[in-house]
*Asks:* 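Take this structure first; my questions come after.
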Amino acid sequence: MKLFRFVPTPDGGSQFVELEIPIDNAATDAFGHIVRRSGIFPAMSTMLGEMPEGLNQDWHPASRRQLVIVLSGTVEVEVSDDTKHQWRDGEMFLADDVGSRGHRTRTIGGPARVLFVHLPAELTLGG
């Protein structure tokens, strides 16, 4: 499963990198379907959030390392090289630019609801 992550750059900015999360743990469910899953990784806590229509946050780093899952609406993130990416219902990204200048965050076309999954700093994601 491909996942966008934004991370610090050597100059203190941020950039997007694409991460591949292996989904290779296959099991057959009680109904005969083959279900593929990632390995288990720990989470420290979770939090729900509502971002209002017109949200436009200037440069800020992630408060902690976290998966952000968009439950509804559209969230746009801009990194310091001016690259922008948008996520919609059911999509997720890894906010991992703690300690940098950070990124900009906006809602597009209305409010957004998100789920934050706070991850341990030492967790290695991707294959």
Side-chain angles (χ1 to χ4, degrees):
M1 175 181 292
K2 293 193 186 301
L3 178 70
F4 273 103
R5 170 185 186 198
F6 42 95
V7 297
T9 56
D11 65 359
S14 57
Q15 68 180 359
F16 289 120
V17 291
E18 198 169 321
L19 187 62
E20 181 71 32
I21 306 291
I23 308 291
D24 52 9
N25 182 2
T28 303
D29 70 12
F31 305 97
H33 304 108
I34 296 175
V35 179
R36 289 179 173 76
R37 301 180 183 117
S38 72
I40 295 172
F41 49 89
M44 299 170 59
S45 58
T46 59
M47 182 172 58
L48 293 166
E50 291 184 336
M51 299 175 167
E53 180 175 0
L55 177 101
N56 189 358
Q57 297 175 329
D58 207 3
W59 296 107
H60 66 285
S63 58
R64 60 182 63 106
R65 189 173 197 219
Q66 55 195 353
L67 279 173
V68 182
I69 303 157
V70 178
L71 303 173
S72 65
T74 302
V75 174
E76 180 181 83
V77 172
E78 177 183 354
V79 293
S80 63
D81 68 1
D82 298 325
T83 304
K84 298 176 185 176
H85 191 82
Q86 293 183 0
W87 291 270
R88 293 171 181 78
D89 305 5
E91 297 178 324
M92 67 180 168
F93 57 90
L94 176 58
D96 205 6
D97 62 352
V98 176
S100 73
R101 176 177 168 216
H103 58 277
R104 291 179 170 151
T105 305
R106 298 176 191 88
T107 54
I108 305 296
R113 289 185 173 174
V114 296
L115 172 65
F116 299 98
V117 180
H118 306 139
L119 302 174
E122 65 277 2
L123 177 66
T124 301
L125 289 174

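Numbers for residues simply follow the sequence, beginning at 1.
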*Asks:* Kindly work out whether a path of hydrophobic side-chain contacts (I/L/V/M/F/W/Y, heavy atoms less than 4.5 Å apart) joins I69 to L48.
*Replies:* yes
*Asks:* For a side chain to side chain donor-acceptor pair (under 3.5 Å) with H103, tell me which candidate from Q15, H60, K84, E78 qualifies.
*Replies:* H60
*Asks:* Tell me which one of R64, Q66, R5 satisfies side chain to side chain donor-acceptor pair (under 3.5 Å) with D96.
*Replies:*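 Of the listed residues R64, Q66, R5, the side chain to side chain donor-acceptor pair (under 3.5 Å) partner of D96 is R5.
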*Asks:* I need the E20 CD to L3 CG distance, nearest 0.5 Å.
*Replies:*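 If I round to the nearest 0.5 Å, the distance is 9.5 Å.
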*Asks:* Test side chain to side chain contact (heavy atoms under 4.5 Å, CB included) on L19 and I21; report intermediate values, then the result.
*Replies:* CA-CA 6 Å; L19 187 62; I21 306 291; 4.1 Å; yes
*Asks:* Working note: M1 + M92, criterion side chain to side chain contact (heavy atoms under 4.5 Å, CB included); need CA distance, chi angles, decisive distance, verdict.
*Replies:* CA-CA 11 Å; M1 175 181 292; M92 67 180 168; 3.7 Å; yes
*Asks:* Distance check, rounded to the nearest 0.5 Å: R104 atom CZ versus Q57 atom CD?
*Replies:* 12.0 Å
*Asks:* Can you name the nearest heavy-atom pair linking L123 to P42, along with the distance?
*Replies:* CD1-CD, 3.8 Å
*Asks:* Show your working on side chain to side chain contact (heavy atoms under 4.5 Å, CB included) between D97 and V7 and close with a plain yes or no.
*Replies:* CA-CA 4 Å; D97 62 352; V7 297; 5.7 Å; no
*Asks:* Between the side chain of N25 and the main-chain N/O of R36, is any donor-acceptor distance below 3.5 Å?
*Replies:* no
*Asks:* Among L119, T124, V117, which residue satisfies the side chain to side chain contact (heavy atoms under 4.5 Å, CB included) criterion with F41?
*Replies:* L119
*Asks:* Do the side chains of V98 and P61 get nearer than 4.5 Å, heavy atoms only?
*Replies:* no
*Asks:* Consider only side-chain heavy atoms of I, L, V, M, F, W and Y, link residues closer than 4.5 Å, and tell whether M51 and L67 are in one cluster.
*Replies:*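 No; tracing contacts between hydrophobic side chains, which count when under 4.5 Å, never links both residues.
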*Asks:* Please work out whether the ring planes of F16 and F4 are parallel, tilted or perpendicular, with thresholds of 30° and 60°.
*Replies:*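 F16 vs F4 ring planes: perpendicular.
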*Asks:* Nearest 0.5 angstrom please: L71 CG to E50 CD, how far?
*Replies:* 10.0 Å
*Asks:* Checking S38 side chain against I23 main chain: does a donor-acceptor pair fall under 3.5 Å?
*Replies:* no
*Asks:* Compare every heavy atom of T107 with every heavy atom of P52, then report the nearest pair and how far apart it is.
*Replies:*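 P52 and T107 have their closest heavy atoms at O-OG1, 2.8 Å.
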*Asks:* Drop me the distance from W59's CH2 to S100's OG, to the nearest 0.5 angstrom.
*Replies:*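 Nearest 0.5 Å value for the CH2-OG distance: 9.5 Å.
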*Asks:* Give me the ring orientation class for F116 and H118: parallel if the planes are under 30° apart, tilted from 30 to 60°, perpendicular past 60°.
*Replies:* parallel
*Asks:* Check for a donor-acceptor pair, side chain of S14 on one end and backbone N or O of V79 on the other, with a separation under 3.5 Å.
*Replies:* no
*Asks:* Applying the 4.5 Å side-chain criterion to the ILVMFWY set and letting contacts propagate, would M47 and W87 be lumped into a single cluster?
*Replies:* yes
*Asks:* Nearest 0.5 Å, please: how far is CD1 in I34 from OG1 in T28?
*Replies:*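 Going from OG1 on T28 over to CD1 on I34, the span is 5.0 Å.
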*Asks:* Report yes if some heavy atom in the side chain of V75 is under 4.5 Å from a heavy atom in the side chain of V114; otherwise report no.
*Replies:*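 Heavy-atom side-chain distance check passes, below 4.5 Å.
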*Asks:* Please answer whether the main-chain N or O of R88 pairs with a side-chain N or O of T74 as donor and acceptor at a distance below 3.5 Å.
*Replies:* no
*Asks:* Could you walk me through whether L94 and R65 pass the side chain to side chain contact (heavy atoms under 4.5 Å, CB included) test, one step at a time?
*Replies:* CA-CA 7 Å; L94 176 58; R65 189 173 197 219; 4.2 Å; yes
*Asks:* Is it true that a side-chain atom of T9 and a backbone atom of G13 form a donor plus acceptor pair closer than 3.5 Å?
*Replies:* yes
